[in-house]
Visitor: 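I have a structure I would like to understand better, so I am pasting it below and will then ask my questions one at a time.
When reading the values below, keep in mind they use all heavy atoms of this one structure, side chains included, and skip hydrogens, waters and symmetry mates.
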Amino acid sequence: MRTLTACLMSLVLVAACGGDDEATPTDAPVADAGPDGPPIDAAIDAGFVPPTMLSETGLYSDIGTKTVAADVHEFMPRWQLWSDDAVKRRWIWLPPGAKIDTTDMDYWHFPVGTKLWKEFVRGGRRVETRLLEKIGPTDDWADWYAVSFQWDVGETDGAAVPAGVIDDVGHDDIPGRSDCRKCHVDTRIASVAIGFSALLLDDPAVPGYKLADLIADDRLTAPPTNPTAGAYFPLPAGDTERAALGYLHVNCGNCHNAGSDVVAQITPMQLRQSVGALTDWTTTAPYLTTVNVVGQLNTVGATALITPGAPGTSAVLVRLRAVPPGQVMPPVGRETIDPIGAEAVRAWIAGL
């Protein structure tokens, strides 16, 4: 099975990733010249030395006992990316005194030195831990370094696998550096670190490091104010709408957003929420660009992207329920259907 990145590719045809003949592939902006990412990485050439072992990255103060370093914060997004039922943990390290540029609250820009990790566990065994590190001053992909570490059988350490691993011990594939670019690249999303953001951290009920903690620690250049019941950006919706829109935001919105090449070249559908457009969920981009909107690309059995009251003929749900090979969405990162996420979207459409 495949968890090819922490990527959040979304409801564009598999053609957008070169896997369907219904449309012209659009991966050219993120294509690699080799298995280990771009042929030239200016930041690496300038002196960055890629770590070869997970124990070198700073996540653990003692990897033998799995003791996480004191200045590393564990966090949990309130909406989860489906990765074939893998159990995941996430951490972030920010340079002392540095702040995240939150001038654009939808797309955060991180200080040089920021590190994020994501651990994947399957069957009670650590399979891999991914690292995303800011190594240069710009927001371009070239100033980030991404690599996966494959845990050894005894779980004593993980070795970097820049080219990835296929079918690791019968578990999920481990992505190579070029795979990471399919979701985290700057032509798809304005903030390369897509799993750590205002909406994903703005839930007082979710454990771990939250938006309120970042504000208290003075880690944001433009912190939000005036929370309501502990939330700074509450979604104006009921539980059914919130579950569906949140799921689409995190599993699909990182490709289907206003600034993405997917939206520009394939379909205008936008599934990422914006903190500035939460007054009424029926006026949000995910609603306006899908409900009763006829898809530009054919989806067998679908009458529109979302047909109110008719989940079975809504292209969004049809593709979420597809399995490879076929018109599966997201086209990377999963091989099985997320039963909880698909049901959340089904229930929302049925109630429209």
Side-chain angles (χ1 to χ4, degrees), residues 8-12 76-82 105-107 189 194-207 210-212 224 226-258 260 262-263 267-295 299 302-322 329-330 334 337-352:
L8 299 143
M9 292 288 291
S10 46
L11 303 169
V12 56
M76 179 185 295
R78 62 170 164 173
W79 302 311
Q80 302 291 314
L81 174 68
W82 171 253
M105 191 57 68
D106 286 316
Y107 298 104
I189 190 78
I194 53 183
F196 196 82
S197 65
L199 285 179
L200 293 184
L201 299 173
D202 187 29
D203 189 338
V206 175
K210 294 181 280 290
L211 181 60
N226 303 321
T228 301
Y232 292 86
F233 305 108
L235 290 178
D239 291 343
T240 299
E241 294 85 7
R242 191 159 37 244
L245 294 173
Y247 185 82
L248 294 174
H249 174 91
V250 77
N251 283 271
C252 311
N254 297 305
C255 281
H256 291 278
N257 63 79
S260 172
V262 169
V263 168
T267 172
M269 178 172 61
Q270 299 177 33
L271 297 173
R272 184 179 174 87
Q273 297 283 351
S274 171
V275 299
L278 299 177
T279 303
D280 183 338
W281 67 271
T282 62
T283 63
T284 63
Y287 183 91
L288 295 174
T289 63
T290 61
V291 176
N292 286 321
V293 175
V294 177
T299 298
T303 56
L305 294 174
I306 290 179
T307 302
T313 58
S314 296
V316 166
L317 185 62
V318 170
R319 292 191 180 277
L320 282 177
R321 286 174 166 173
M329 285 293 125
R334 76 164 180 93
I337 299 170
D338 178 359
I340 296 176
E343 171 55 25
V345 175
R346 186 211 64 78
W348 173 55
I349 297 173
L352 288 173

Visitor: Any donor-acceptor pair under 3.5 Å linking the side chain of T290 with the backbone of L305?
Guide: no
Visitor: For T283, check side chain to side chain donor-acceptor pair (under 3.5 Å) against everything at least two apart and list the hits.
Guide: none
Visitor: Show the nearest heavy-atom pair for residues S314 and A302, with the distance to one decimal.
Guide: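 Nearest heavy atoms, S314 then A302: C-CB, 4.3 Å.
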Visitor: With sequence neighbours left out, what residues match R242 under salt bridge (Lys or Arg N to Asp or Glu O under 4.0 Å)?
Guide: D239
Visitor: Using the test side-chain contact (heavy atoms from CB on, under 4.5 Å), find all partners of A285 that sit at least two apart in sequence or belong to another chain.
Guide: Q270
Visitor: So do the side chains of L248 and W348 get within less than 4.5 Å of each other, counting heavy atoms only?
Guide: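 Side chain of L248 against side chain of W348, heavy atoms only: contact under 4.5 Å found.
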Visitor: What pairs meet the salt bridge (charged side-chain N to carboxylate O under 4.0 Å, His left out) rule with one or both residues in residues 269-280, with sequence neighbours excluded?
Guide: none
Visitor: Enumerate the salt bridge (charged side-chain N to carboxylate O under 4.0 Å, His left out) contacts for residues 341-352, please, sequence neighbours excluded, ordered by first and then second residue.
Guide: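 Qualifying pairs: E343-R346.
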Visitor: More than 12 non-hydrogen atoms from neighbouring residues, nucleotides or ligands closer than 6.0 Å to CD1 on I340, yes or no?
Guide: no
Visitor: To the nearest 0.5 Å, what is the distance between CZ on F233 and CG on L211?
Guide: 6.5 Å
Visitor: Which atom names give the shortest non-hydrogen contact between P286 and L245, and what distance separates them?
Guide: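 Shortest heavy-atom separation between P286 and L245 comes out as CB-CD2, 4.0 Å.
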Visitor: Locate the shortest heavy-atom distance separating A342 from I337; write the atom from each residue and the value.
Guide: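 Reported closest heavy-atom pair: CB-CG2, 4.2 Å.
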Visitor: Residues in side-chain contact (heavy atoms from CB on, under 4.5 Å) with P308, at least two apart?
Guide: V291, N292, L352
Visitor: Within this structure, what is the CH2-CG distance for the pair W82 and L320, rounded to the nearest 0.5 Å?
Guide: 12.0 Å
Visitor: Are any of the side-chain heavy atoms of K210 and D203 separated by less than 4.5 Å?
Guide: no
Visitor: Tell me if a side-chain donor or acceptor on N251 pairs with a main-chain N or O of Y247 at a distance below 3.5 Å.
Guide: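 Yes; at least one donor-acceptor contact below 3.5 Å.
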Visitor: Would you compute the distance between atom CG of L201 and atom CZ of R78 and round it to the nearest 0.5 angstrom?
Guide: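 One finds 9.0 Å between CG of L201 and CZ of R78.
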Visitor: Shortest non-hydrogen contact from L200 to G195?
Guide: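 Smallest heavy-atom distance, with atoms named: CD1-O, 3.6 Å.
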